[in-house]
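One structure is given here, and the rest of the page talks about it.
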There are 2 protein chains.
Amino acid sequence: VATNGARRELPEENLDALVEVLDDIRAHTTRSRAEIVRSRNLSRAVVAQRVQELLDRGLVELGDAGPSTGGRAPRLLRFRRDAGHLLVADLGATSIDVAIADLGGHLLVHHQEPADIADGPEAVLGRVAELFREILAGTPRLTSELWGIGVGVPGPVEFETGRAVAPPIMPGWDGFLVGEYFSQRFGVPVWVDNDVNVMALGELRAGVARGHSNVVFVKIGTGVGAGLVVDGHLHRGAQGSAGDVGHIRVTDDPAVICRCGKTGCLEAVAGGAALARDGRAVAEAGRSALLLELVDAEGEVTAEGVAWAAGRGDPASVELIRRAGALVGDMLSTAVHFLNPSLLVIGGGVSAAGDELLASIREVVYGTSLPLATRDLAIQRSALGHRAGVVGAATMVADGLFSRDRLGLWIERGSPAQTT
Amino acid sequence: VATNGARRELPEENLDALVEVLDDIRAHTTRSRAEIVRSRNLSRAVVAQRVQELLDRGLVELGDAGPSTGGRAPRLLRFRRDAGHLLVADLGATSIDVAIADLGGHLLVHHQEPADIADGPEAVLGRVAELFREILAGTPRLTSELWGIGVGVPGPVEFETGRAVAPPIMPGWDGFLVGEYFSQRFGVPVWVDNDVNVMALGELRAGVARGHSNVVFVKIGTGVGAGLVVDGHLHRGAQGSAGDVGHIRVTDDPAVICRCGKTGCLEAVAGGAALARDGRAVAEAGRSALLLELVDAEGEVTAEGVAWAAGRGDPASVELIRRAGALVGDMLSTAVHFLNPSLLVIGGGVSAAGDELLASIREVVYGTSLPLATRDLAIQRSALGHRAGVVGAATMVADGLFSRDRLGLWIERGSPAQTT
């Protein structure tokens, strides 16, 4: 509630234009007022007023002079991505990534360590909070304020409330208010989403998907999941479970039992845990000297190990990777029929480990989809790799902070980092 | 080009509000100014001005008095759906539907006749143009002007240009400018889209999908196709081929050859043409007395005939319908994993013919999808049935006429039915 004279109300339509102008400046390294007028279809006067508002609030700064069109050259505008900073975390099934990021999604500090999501929210989030405090303390040169927190979790999330809606693989997480956990401890607004959605957002804004409007991002890590960009926006679905492709039934084989309790799921055959299991079996059966060497050297076979061995031509590993690639490719071919995207992005730890998986996915998608839908379809590896989650989480927070509702609150109350 | 003094330019932001107010009134039977203020988050003054603009232009009229809040009760607003009329056509693989509709998508006249899309665009569209003229001539009580035309075609469409991007099943249609064909002959703007998209839009605005934001509409006619509503909007994809689910590979059986030239496609097993083929084979093999009766009575077995026989308990027909339902159900289960919709709508001629198909689709989708995604998922039959295409086409035209760009042109030039 505003109690002092600083309270201002901007008419709704003015706020819309403010969001448009800021979005436009944020999306470019430098931007002239004339470019904003053209691209956003706003009047010169409206753009000039909104730019001044953003300059006054320190969100935008003047850069070099732009090209002159006769008189004095106008100075270009630049988003002040250092006006505040963000804390972000990407929780995987077996790892935690935390980072400090600026408002443009650039990472200032990045730390990764192993973790087990099945330890439950108090243990895992407690460790994340501890890491947040440590990296803040270890970065004394930060002069800006903390403006927000972003968290990706490896399961469905009710985006509006930051509540985990967890499948059986995350015992203890169902209904847990992840957002509230951090907003109470750090006193800033928190955005929470499914980890794969967050990675897709990272690729859309700062990775290989820049400029695309329809994208399917598939993560092949311990499990398999997808993030969908539809008409330029992340699609979360009615319950936040959109992109939950790991549990599509791909085989009738009753021996393929998934951690979700069903049989025949995609990730029970093509996910990282499945590849590690099958690689171990192949090594133990004496069908791969290379995988057996891995077991001797590292004590275990990981999915990354299988991908690495496939890259070195190990026939049994090539077979495993090809089978996984064909099944992921079938799923993506179906996605192409449904959604007609212009880009498929392959991410996650397993995909990063070698070229064989990408090659077999491409073979299946281009071979089985409609020519019309694949004519201009690109299939590429993630550009951000293991940073996709934290970069995407920072982008999610920046999008939230500079959304219509938040900017309205800010102008009313005088601070960007209001928790309600 | 505007050449007289009537030319007016509305500032861009004012136009946005005009579209919002009109959308809001169009979406309701009656609407008060106060309701618009609340639902659209606009100021009272802005709503009052825009309502007056719409009253002046004859798009909105005053109805009964609304509930009083103290003073004189304000009169409710009503969209004048009879301000103009529309011509709409729904082209199927084997039929043409044409209709005259009002601006609210209500049909004034509706005519259906058999046709063969493979006769090519000149023949099929020539017949549609002839039918348009006939139903206009046969409806002398029309006092309003023709404001636009809408056409659904059974293949991908480049929506912006009204150009058919046809698969091999529509010889001669590839690249044909369907929109231009009608705009040249009738002098009004034309909107063209894929028939299943148009049907999905009809269900969204006037059918069983009203109020839903995420919907998958599947048409089981001669072929199989889907229309996707994502976050309240039709999703067309990068090349307009989104929802082209009939050619998803569902079997490795090389004997299942699709009309697209590939093998194993969904519609080659579960589409109406496939059901008719299989029903005929069953009758000829003497495995169904009921289907044989149909052959004797009608000279052929249709997919509708198989569905009807299944409804009467004919075991061979039940088996065929169940197999088709299971395959369509598998596809929809995958759609649920991808998109997490709140509603699946089953439409098209085959689905209308009996309950067995819907039952088997429901069994598979509820049995194989994640519980989270199906918790609030409804699976329903099309409410509009064979009218879905023409009602949807009328909705598409109304949406186009009252879009931001069109309303801007109208205000500039003084007529809603400008062709460019």
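Lettering of chains follows the sequences in order, A, B, ..., and the numbering in each one begins at 1.
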In terms of heavy-atom proximity below 4.5 Å to chain B, should [X] be classed as side chain, backbone, both, or neither?
X: Arg236(A); answer: backbone
X: Ser213(A); answer: neither
X: Ile248(A); answer: both

> Does a side-chain heavy-atom distance below 4.5 Å link Arg249(B) with Asp330(A)?
Replying inline: yes
> Who among Val245(A), Val230(A), Leu228(A), Leu343(A) has the most heavy-atom pairs with chain B under 4.5 Å?
Replying inline: Val230(A)
> With respect to chain B, which residue among Ala335(A), Pro341(A), Ala226(A) yields the maximal number of heavy-atom pairs within a distance under 4.5 Å?
Replying inline: Ala335(A)
>> Tell me if a side-chain donor or acceptor on Asn340(B) pairs with a main-chain N or O of Ala238(A) at a distance below 3.5 Å.
In response: yes
>> Between His235(B) (side chain only) and Leu339(A) (backbone N and O only), is there a donor and an acceptor less than 3.5 Å apart?
In response: yes
>> Which heavy atom of His247(B) sits nearest to which heavy atom of His337(A), and what is that distance?
In response: O-NE2, 3.2 Å
> Say you draw a straight line from OG1 of Thr334(A) to CE of Met331(B); how long is it, rounded to the nearest 0.5 Å?
Replying inline: 10.0 Å
> By a 4.5 Å heavy-atom criterion (distance strictly below it), what part of Ser333(B) contacts chain A: side chain, backbone, both, or neither?
Replying inline: neither
